[in-house]
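Just below is one structure, and these are the notes that go with it.
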Amino acid sequence: MSADDRPRLLGAAVDRVLAETLREVAADVTEGTVADYIPELADADREAFGVTIASVLGRSYGAGDADAPFTIQSASKPFVYAFACEELGADAVHERVGVEPSGEPFNAISLDERGRPENPFINAGAIVTTSLVPAADADERFRRIRDALSRFAGRELDLDDDVHRSEAETGHRNRALAGLALAAGSLATDDVDAATDPYFRQCALRVTTADLALMGATLANGGVHPITRDRVIGERAARDTLSVMATCGMYDRSGAWAFRVGMPAKSGVGGGIVAVRPGEFGVGVYSPPLDEAGNSARGVAMLEALSDRFGLHMFDHIVEPVSPVAEVDVDAAAGTVTFDLRGELDFIAAEQIVHDVGRVLEHTDARVVRLDFGDVTVVAGIAEQLLGETAAAAEAAGIEVHAVGAPDRVLEQFGLADRR
Ligand SMILES: NC(=O)CC[C@H](N)C(=O)O
């Protein structure tokens, strides 16, 4: 083994599981039809099949045709939506497009009672979202979208001219959807082409599963690219995007997807799917044959298998979280009790702390409680309230509460800055 092989070897276990799962899925899933309503897509290699997982720490794991290029198609939509939310604020975006799963195919004629497409991930809503990106004309709009998507990927994405031309020549239904949105007052320009032209080009941007995985990892990481460290969007826009991906990402299979896979995701007719494990990683999968809903058949099966194998469903039960109280130290002579706290303090952690403090106070006559935050990483809003109110109640009962060992930021967070 050369020194150069060593870093690679450290991730080999994940690469191996990915390769094995890919092989099993390829053997099990043989149905699906390559999209041909955009003529140029019909030439895709049916057997191409690849996967990449990119973690928020910047490491990537892959198998199969992980680096094969394909057009991003509808997997561009969450990133353009995120960009529009970042530029305009989510409220302005939702003046013109909703956030309801449509229960309909990707190319459905969709307008709600307010004249808005149901969500930004079906074509009608995606075209409206593209039209919202502030720009003087179609060229500038596309340039801004390409720049934004390139920042999500961490490299300059290029356009597949043939696929773009092919869709521009045949995309009459999308032009009609843009026309309906214009008539209903939801398109942000009065020139249909100024919306559909950049939309067709955004769909024809070329990516690999490695790009999709990093784009997903940027969302997983609250909007910061794991490798370039570029803050592409704010945390709120990242959260908003993941919310819509969780409910609307897989068209009229969004319910079955949430049930079986349980990860925010978005598919494209080029055969790509991007999925996200918030806080942890992004996944990119590629296989051109599509199921009846227009989602990559093997891609869906691959993510189902990974979700099962790695326990990735967002509602999987975390059995026993470690106790937020690492140690309790009673100094009877001094009349103090010190609680060494650790980790991420969410509601349950705060509940545990309050419970432990109460029990210790019942069994000692300590008059001073010291909460040591030295090893605490985050205090969630709800934990902040619970601990703050407990501290106030304890003081009312004649027990002093001191917060120690925490950065000021954490102390201020729950009103203990003056209790040191
Ligand atoms: N589902 C998709 O990927 C559709 C994208 C494609 N460019 C279209 O508008 O038809």
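In listed order, ligands and their atoms are each counted from 1. Note that these values count all heavy atoms, side chains included, but never hydrogens, waters or copies made by symmetry.
Taking a cutoff of 4.0 Å between a charged side-chain nitrogen and a carboxylate oxygen, Glu86 and Arg236 do not qualify as a salt bridge. Residues Glu100 and Arg116 are not paired through a salt bridge, judged by the lack of any N-O separation under 4.0 Å between the basic side chain and the carboxylate. With respect to Arg143 and Asp137, no salt bridge is recorded, no charged nitrogen being found less than 4.0 Å from a carboxylate O. Salt-bridge formation is not detected for the pair Glu40/Arg165: no Lys NZ or Arg NE/NH1/NH2 atom is positioned less than 4.0 Å from an Asp or Glu carboxylate oxygen.
The nearest heavy-atom contact from the protein to atom 10 (O) of ligand 1 is Tyr37 OH, 2.5 Å. The protein non-hydrogen atom at the shortest distance from atom 7 (N) of ligand 1 is Gln73 OE1, 2.6 Å. Atom 4 (C) of ligand 1 has as its closest protein heavy atom Ser74 OG, 3.0 Å.
When Tyr251, Phe106, Tyr199 are ranked by how near their heavy atoms come to atom 9 (O) of ligand 1, first place goes to Tyr199.
Considering backbone and side-chain N/O atoms, Ser267 never comes within less than 3.5 Å of an N/O atom of ligand 1.
In the vicinity of Cys203, heavy-atom distances shorter than 4.0 Å reach the ligand 1 atoms 7 (N).
Taking the six-membered ring for Trp, His313 and Phe259 have ring centres at least 6.0 Å apart.
The closest approach between Asn174 and ligand 1 falls below 4.0 Å for a heavy atom of the residue.
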